[in-house]
Amino acid sequence: MAPYTVKWGILATGGIAQYFSKDLLADPSARGTSDVLHEVVAAASSTSKERAAEFLKDVGAGADAKAYGSYAELVADPNVDIIYVATPHSHHFQNVMLALEVGNKHVLCEKAFTVTAAQARKLVETARARNLFLMEAVWTRYFPLSVQVRSLVQSGAIGTVYRVVADNSLNCNKDHSPTSAVTFSDDSRMVNMDLAGGALLDLGIYSLTWLFQILYHLQPEAEGEKEAPQVVAVMDKYDRTGADESSTLVLHFPGHRSQGIGMTSMRVGTGVGSVQKSAPAILIQGSDGEIQVMGPAYKPLAYRVIKKSDNKSESEVPWVDMPIPIDKREGATWEGHGMFWEADEAARCLRDGKKESATLPLSESIVIMETMDKALQQGGIVYPELITTDVFDENSPLNTGRA
Ligand SMILES: NC(=O)c1ccc[n+]([C@@H]2O[C@H](COP(=O)([O-])OP(=O)(O)OC[C@H]3O[C@@H](n4cnc5c(N)ncnc54)[C@H](OP(=O)(O)O)[C@@H]3O)[C@@H](O)[C@H]2O)c1
C-alpha cells in the first residue's frame with residue numbers, strides 16, 4: 001500500500017526549522033517507517049520571500065515548493081496539510097491561532113507550547129472548535145527510548161515509582177564570575193524577555209517532560225482525571241535581562257505518593273564541561289530499582305535498568321544504546337536528528353482522523369503550562385503583555401514580523 005503522504009508548510013526558517021525539515025525529508029525506511037511519508041511543500045519567512053526560498057533549497061525541498069514572505073500567505077496555501085510553527089515561544093500563541101483561525105490548518109507547534117497556560121487553553125479550545133489537529137512538538141516523547149522506558153515502568157520493571165529526578169542544563173558561562181554575561185547575546189531568544197527567554201521555557205521543559213511522562217502520563221486514571229502536581233519552585237534571574245537562568249521545580253503528586261525534581265540552568269551543565277555523558281540526566285526511582293537515562297534529556301539515546309534484586313554494583317550494569325538511524329542512501333548528507341518520530345506521529349494522527357496525540361494529549365500540555373505558570377510566578381518572572389495576551393490578533397506584530 002502506498003504510504004500516507006503529508007504536505008508540510010514550515011512557518012519560520014530558523015535553526016530548528018532546518019533540523020525538522022531535513023528530518024522530514026530523510027529516508028523513512030532508515031527508521032523502519034513505511035506507512036507515512038512527508039513532503040515540504042512550502043515555507044514562510046517573516047524576513048523575506050528570498051529567505052524562505054533559500055531555506056527550501058537548503059533543506060532539499062522539491063523545486064515546486066512555494067516560498068512566502070509572510071506567515072499569512074503560508075497559512076492560506078490550500079496545498080498545505082499541516083503547519084509546523086518554529087518561531088520563538090513568544091510567537092507561538094499568535095502564530096498557531098493564525099494557522100487555526102485564519103488558515104483553518106492543522107498545527108504542530110514547537111515547545112514551549114505557549115508563554116502562559118491561558119494561551120494554551122485558548123489554542124486547544126480553538127482547535128477543538130474547528131475540528132483541527134493540534135500537537136505540541138516535544139520530540140523526546142516519541143523517541144524509541146522514551147517509548148521503551150515508559151513501557152518498562154508500566155510493566156513494573158522497577159516496582160512502584162516514587163520519584164523522578166531530571167536535569168537539562170547547559171553551562172553557558174563566559175568566564176568564572178557568577179554575574180558575568182552568558183554566551184548568549186542579550187537579544188538572543190534564550191535570554192531576551194520579549195522573546196520569552198529563560199531557562200525554564202526553553203530547557204526546563206525537557207526536565208518536566210521526564211517528570212510528566214512518568215509521574216503524570218502513566219497515572220492509571222483516565223485522561224482528564226489524572227492528578228495535577230502541586231508545585232514549589234525557586235529561580236535565580238539573569239542580571240542582564242531578568243530572565244530565569246537557573247530554576248528548580250519540586251512537583252508533588254500526593255494522591256500517588258510521588259515526587260519529581262526538575263532542574264534547569266544556564267550556569268552549570270548536566271554533564272561536566274562538554275562531557276554530556278559523565279552522569280545520568282534522569283533517575284526514575286521505584287520500589288524495586290532505578291532506571292537511569294543518559295543525557296541530554298531532550299535527545300535520550302542510552303539507558304539502563306538497575307534492579308535491587310540483581311545485587312550488582314552500578315558499574316556492572318551495561319547501558320542500552322538506542323542510536324538514531326542513519327540515512328545511508330547514496331548521496332544522502334543528513335544523518336537525522338530524531339525529529340522524524342514526532343512527525344510520523346502527527347502524520348498517523350492525520351491519517352487516522354485523530355485531533356491530538358495520545359502520547360502527549362492536549363490536556364497534558366495544558367497541565368505542563370500550568371505548572372510552568374506557577375513556577376514562573378513563584379520566581380517573580382513577568383513577561384511583557386504583547387507575548388502573554390490570550391487575545392488573538394491577526395495583525396499582531398508577532399504575526400506580521402514586526403516584533
Ligand atoms: N525541539 C527542539 O529540540 C528545539 C530546539 C531548538 C529550538 N526549539 C524551539 O523552536 C523554536 C525556535 O527556536 P530556534 O532555535 O529555531 O530559534 P531561531 O533559530 O532564533 O529561529 C526562530 C525563527 O523565528 C522567526 N522569527 C520571527 N520573529 C522573530 C523575532 N522577533 N526574533 C527571532 N526570530 C523570529 C525567524 O524566522 P523568519 O525570519 O524566517 O520568520 C527566526 O529564524 C523555539 O520555541 C524553541 O524552543 C526546539
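Counting convention: from 1, in listed order, for ligands and their atoms alike.
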Non-hydrogen atom of [X] closer than 4.0 Å to ligand 1:
X: P88; answer: yes
X: M339; answer: yes
X: Y298; answer: no
X: Y19; answer: no
X: Y206; answer: yes

Option among S246, S169, S247 that satisfies the side-chain hydrogen bond (donor to acceptor under 3.5 Å, both in side chains) test with S265: S246

Candidate with minimal heavy-atom separation from [atom], of [options]:
atom: atom 36 (C) of ligand 1; options: F113, Y71, Y84; value: Y71
atom: atom 45 (O) of ligand 1; options: E342, R51, H89, Q18; value: H89
atom: atom 20 (O) of ligand 1; options: H91, E54, H337, R189; value: R189

Which of the numbered atoms in ligand 1 are under 4.0 angstrom from any heavy atom belonging to [X]?
X: T87; answer: 11 (C), 12 (C), 24 (O), 44 (C), 45 (O)
X: T47; answer: 38 (P), 39 (O)
X: D202; answer: 46 (C), 47 (O)
X: H92; answer: 45 (O)
X: T13; answer: 37 (O), 38 (P), 40 (O), 43 (O)

Salt bridge flag under 4.0 Å for residues [X] and [Y]:
X: E290; Y: K308; result: no
X: D186; Y: R240; result: yes
X: R304; Y: E314; result: yes
X: D35; Y: R348; result: yes

Any chance the rings of F20 and W139 have centres within less than 6.0 Å? no

Hey, do the aromatic rings of W341 and F143 have their centres closer than 6.0 Å? yes

Taking distance alone, with N or O pairs closer than 3.5 Å, would you say [X] contacts ligand 1?
X: A12; answer: no
X: A137; answer: no
X: K111; answer: yes

Heavy-atom pairs closer than 4.0 Å: do any link ligand 1 to the side chain of L201, the backbone, both, or neither? neither

Residue part near ligand 1, for A52, under 4.0 Å between non-hydrogen atoms: neither

For residues Y216 and E227, is any side-chain donor paired with an opposing acceptor at under 3.5 Å? no

Once rounded to the nearest 0.5 Å, what's the spacing between atom CG of L208 and atom CD1 of I368? 7.0 Å

Measure the spacing between CD1 of I261 and CG of L249 and express it to the nearest 0.5 Å. 10.5 Å

Is there side-chain contact between L25 and F340, with heavy atoms separated by less than 4.5 Å? no

